[in-house]
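These numbers were taken from a predicted model, which means no experiment stands behind them. Excluded from the calculations below are hydrogen atoms, water molecules and symmetry mates; all remaining heavy atoms, backbone and side chain alike, are included. In what follows, residues are counted from 1 in the order of the sequence shown.
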Amino acid sequence: EDEVIFALSEYCNSLGKTLYVVGGVVRDCIMGKEKISFPFDFDLTSSLTLDEIERFAKMQGLKHEVKNKKLEVVALRKNDEIVYEHARMRVEEYSDKSSHNPSKICFTDLIEEDAKRRDFTVNSVYYDRHNNVIVDPFNGVKGYVSYSNTRFIVFWSKNPAPLIKHLPELKAKGITPKLGIVRVGE
């Protein structure tokens, strides 16, 4: 298990918050990608404030860089090969539909609200590391079934047993995954 994700998840939990793994890592697992190439980055989200994530980085001795202060995006670096990019959960509004820069931002504690700003595919699928569950508010996984070999690799947990109880949820979405383990760096 990745020690930074574990520690950040526990830190979030101690503050009554939840850490989620999102983005390309989740997509690659759904699509059945078994190898992780380096340099590698983890996309993470939670309702941690900028101050809280910076405090965590200092406690863990991680290098950190504020990538976007307005959106509260921070890159944490374990070494030169692994980057953890944490973005605070938020709701975005755009005055110009062609813009990629939101005109209004409201931070939220609700994963469903954060998911609305994503593209409603696998990018709106979250992995809750603390509770070892997949959260898929907009059925983003179902859209990838035709592109994947229906293999879901759980690389962030040494013990996939807690995830097995969620197989009925995935099957209800038309997915019959095979569970396996890939440790980062192998």
> After noting the C-alpha distance and the side-chain angles of Leu8 and Ile53, does the key distance pass the side-chain contact (heavy atoms from CB on, under 4.5 Å) rule?
Replying inline: CA-CA 9 Å; Leu8 185 54; Ile53 196 77; 3.8 Å; yes

>> Before you tell me yes or no, could you show the steps for Tyr126 and Asp136 under side chain to side chain donor-acceptor pair (under 3.5 Å), namely the whole-Å CA-CA distance, both residues' side-chain angles and the distance that decides it to 0.1 Å?
In response: CA-CA 6 Å; Tyr126 300 69; Asp136 185 5; over 6 Å; no

>> One pair to check against side-chain contact (heavy atoms from CB on, under 4.5 Å): Thr49 and Glu54. What are the steps and the verdict?
In response: CA-CA 9 Å; Thr49 65; Glu54 288 181 316; over 6 Å; no

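Between the side chain of Ser103 and the main chain of Glu93, a donor-acceptor pair closer than 3.5 Å is present. In this structure, the side chain of Glu72 engages the main chain of Leu50 through a donor-acceptor pair within 3.5 Å. A donor-acceptor contact shorter than 3.5 Å is absent between the side chain of Asp128 and the backbone of Tyr20. With hydrogens and angles disregarded, no donor-acceptor distance shorter than 3.5 Å links the side chain of Glu10 to the backbone of Ala7. Remark: side-chain polar atoms of Lys17 are paired, donor with acceptor, to backbone N or O of Ser47 under 3.5 angstrom. Formation of a donor-acceptor pair under 3.5 Å by the Thr45 side chain with backbone atoms of Ala87 is found in this model.
Between Phe56 and Tyr11, the ring planes lie tilted relative to each other; the angle falls in the 30° to 60° range.
Two residues are said to be in side-chain contact when any heavy atoms from C-beta on lie closer than 4.5 Å; Met89 and Glu113 fail this criterion. Proximity of Arg77 to His64: side-chain heavy atoms (C-beta onward) are nowhere separated by under 4.5 Å. Looking at Leu76 and Gln60, their side chains never come closer than 4.5 Å, going by heavy atoms from C-beta outward. A 4.5 Å side-chain heavy-atom check between Leu62 and Val4 finds at least one atom pair inside the cut-off. Side chains of Lys67 and Glu85 form a contact here, defined as non-hydrogen atoms less than 4.5 Å apart. Looking only at side-chain heavy atoms (C-beta outward), Glu52 and Leu15 come within less than 4.5 Å of each other.
Atom CZ of Arg117 sits about 3.5 Å away from atom CZ of Arg90, to the nearest 0.5 Å.
For Ser46 and His86, the side-chain atoms include at least one donor-acceptor pair closer than 3.5 Å. With hydrogens and angles left out, the side-chain atoms of Tyr94 and Asn101 include no donor and acceptor closer than 3.5 Å.
Across all non-hydrogen atoms, the minimal contact from Leu44 to Val22 is N-CG2, 4.3 Å.
Leu19 and Leu110 end up in different hydrophobic clusters when Ile, Leu, Val, Met, Phe, Trp and Tyr side chains are linked at under 4.5 Å.
Here Phe107 sits in one hydrophobic cluster together with Leu71, Val73, Ile105; the rule is ILVMFWY side chains under 4.5 Å apart, joined directly or through other members.
Comment: Glu65 does not engage Lys63 in a salt bridge, judged by the lack of any side-chain N to carboxylate O separation of less than 4.0 angstrom.
Within 6.0 Å of the NZ atom in Lys70, the count of heavy atoms belonging to other residues, nucleotides or ligands exceeds 12.
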